[in-house]
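Read through the structure below, which is laid out as structure tokens, and then see the notes.
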Amino acid sequence: MKVNLRDKVAGVVFGTAIGDALGYPVEFMSMPEIESLGRVKDYLCCEKIDGTLAAPYSDDTQMFRAVLEGLLKAGRSADLEQAALTVAGEFIKWSKSPENNRSPGNACMAGCRNLASGKYWRESGKPESGGCGSAMRSMAYGIWFWNEPKKAALWAGEHTLVTHGHPMARAGAAAVAAGTAYAVKDSEIDGLVRIMINAAKDYDASTSQMLEDSYTYAKDESVQAKDVLDKWRGWRGDEAVAASLFCVLRHPDDFEKAVLEAVNSPGDSDSLGAITGAMLGARVGIKGIRKDWIERIEKTNQLKELAERAFTTIEEKNIGGLQ
Ligand SMILES: [Mg+2]
């Protein structure tokens, strides 16, 4: 079934937020602890947010929203430098917001503090920061450059410097952006894998090799998902993207199965959920995501509005493209 661009963009926005919200309560839990809860099958955590009972998402989705808002504010004609500055401004705003109380990563917060004190965006992240804090928000570039995956990868890899300087963080972010863009544009699986491997290779050969391994593991029926998700716990940028690709490849057309596999893992469950959810959402579109998950996610109307604004902005330049 062909999914139109509007539904795919909404699929990425909601896929990210829902995958993140499913994983958020179990982010720091071991597998025995998650098993003792009966595994994650639905939102575990609901609280009153803006007057309604909803499932909260974490800093991952907050930062993804900040990137997308920054890109929208900069506009379609902005170059990398202008857009990075606008995104950096959104990060500063987020870092000081009272809503920033969802276990934000140290590297992300340190980068924001440096930005706020006047440091240039390319120098605000620490060179040794290799966490997944940039990969988990880079699906925004996949939306923005949905028909140019290589450009999505370049902008994501560069913007990573705001908070993370290590090549594995930049490679992870580039691969997430390229993979999301490709999944919006095309449904072919080998092409998705190839474009992610190449995007990572531009920054870090080792991350690229892990994506190759992820593909090999997913094809091998003797490989158990639990072993792969134990090996790649996703705290690092390279592990997050390799583990998420593995979940996508195991369930390329089933949003629910893919994100539940990603979050029922002993590592960074919310980031794996967000990245897997973004790529699955891009493939199946909003209509392929459980309706009750869409209705019960935090700030669902704001997410709908954001997705619609992103869609109307990116489609103007792509008349004759995917429809
Ligand atoms: Mg998080």
Side-chain angles (χ1 to χ4, degrees), residues 12-30 33-34 37 40 43-47 49 54-69 87 90-91 93-113 125 129-140 156 159-160 162-164 168-169 172-173 176-177 180 229 232-244 247 258-281 293 297-299 302-303:
V12 177
V13 171
F14 278 92
T16 302
I18 289 169
D20 179 15
L22 287 163
Y24 181 35
V26 296
E27 181 184 9
F28 299 108
M29 285 189 197
S30 66
E33 284 172 316
I34 296 175
L37 297 171
V40 181
Y43 295 137
L44 286 176
C45 175
C46 278
E47 40 188 79
I49 300 168
Y57 47 69
S58 82
D59 57 313
D60 300 36
T61 302
Q62 290 178 341
M63 290 201 88
F64 153 71
R65 288 184 60 182
V67 176
L68 194 49
E69 287 291 358
V87 168
E90 292 298 309
F91 284 173
K93 241 198 301 178
W94 162 78
S95 70
K96 296 181 171 174
S97 157
E99 295 198 353
N100 175 19
N101 57 357
R102 315 278 170 86
S103 316
N106 291 334
C108 290
M109 290 304 286
C112 290
R113 278 193 299 276
S129 293
C132 73
S134 170
M136 76 193 190
R137 61 184 191 236
S138 284
M139 52 290 273
H159 110 288
T160 296
V162 173
T163 53
H164 297 72
M168 73 169 98
V176 168
T180 306
L229 295 172
W232 291 330
R233 295 194 170 199
W235 303 111
R236 294 183 349 206
D238 54 351
E239 292 179 343
V241 71
S244 299
C247 296
V259 292
L260 290 181
E261 185 141 79
V263 302
N264 282 297
S265 58
D268 195 344
S269 298
D270 56 345
S271 299
L272 298 190
I275 297 169
T276 304
M279 286 196 275
L280 249 295
W293 283 354
I297 189 77
E298 168 183 1
K299 295 187 173 62
Q302 286 184 32
L303 293 173

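Counting convention: from 1, in listed order, for ligands and their atoms alike. Starting from 1, each residue takes its place in the sequence as its number.
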Report task. Over 60° means perpendicular and under 30° means parallel, so classify the ring planes of Trp235 and Phe28, tilted if in between. Result -> parallel
Report task. Using the test ring-ring contact (aromatic ring centres under 6.0 Å, His included), find all partners of His164 that sit at least two apart in sequence or belong to another chain. Result -> none
Nearest 0.5 angstrom please: [X] [atom1] to [Y] [atom2], how far?
X      : Y      : atom1 : atom2 : value
Ser269 : Arg233 : OG    : CZ    : 10.0 Å
Asp270 : Cys132 : CG    : SG    : 8.0 Å
Asn264 : Met29  : CG    : CE    : 11.0 Å

Report task. Can you check the number of protein N/O/S atoms within less than 2.8 Å of the Mg ion (ligand 1)? Result -> 4
Query raised in the report: Where the side chain of Asp20 meets the backbone of Ser58, is there a donor-acceptor pair that is under 3.5 Å apart?
Result: yes
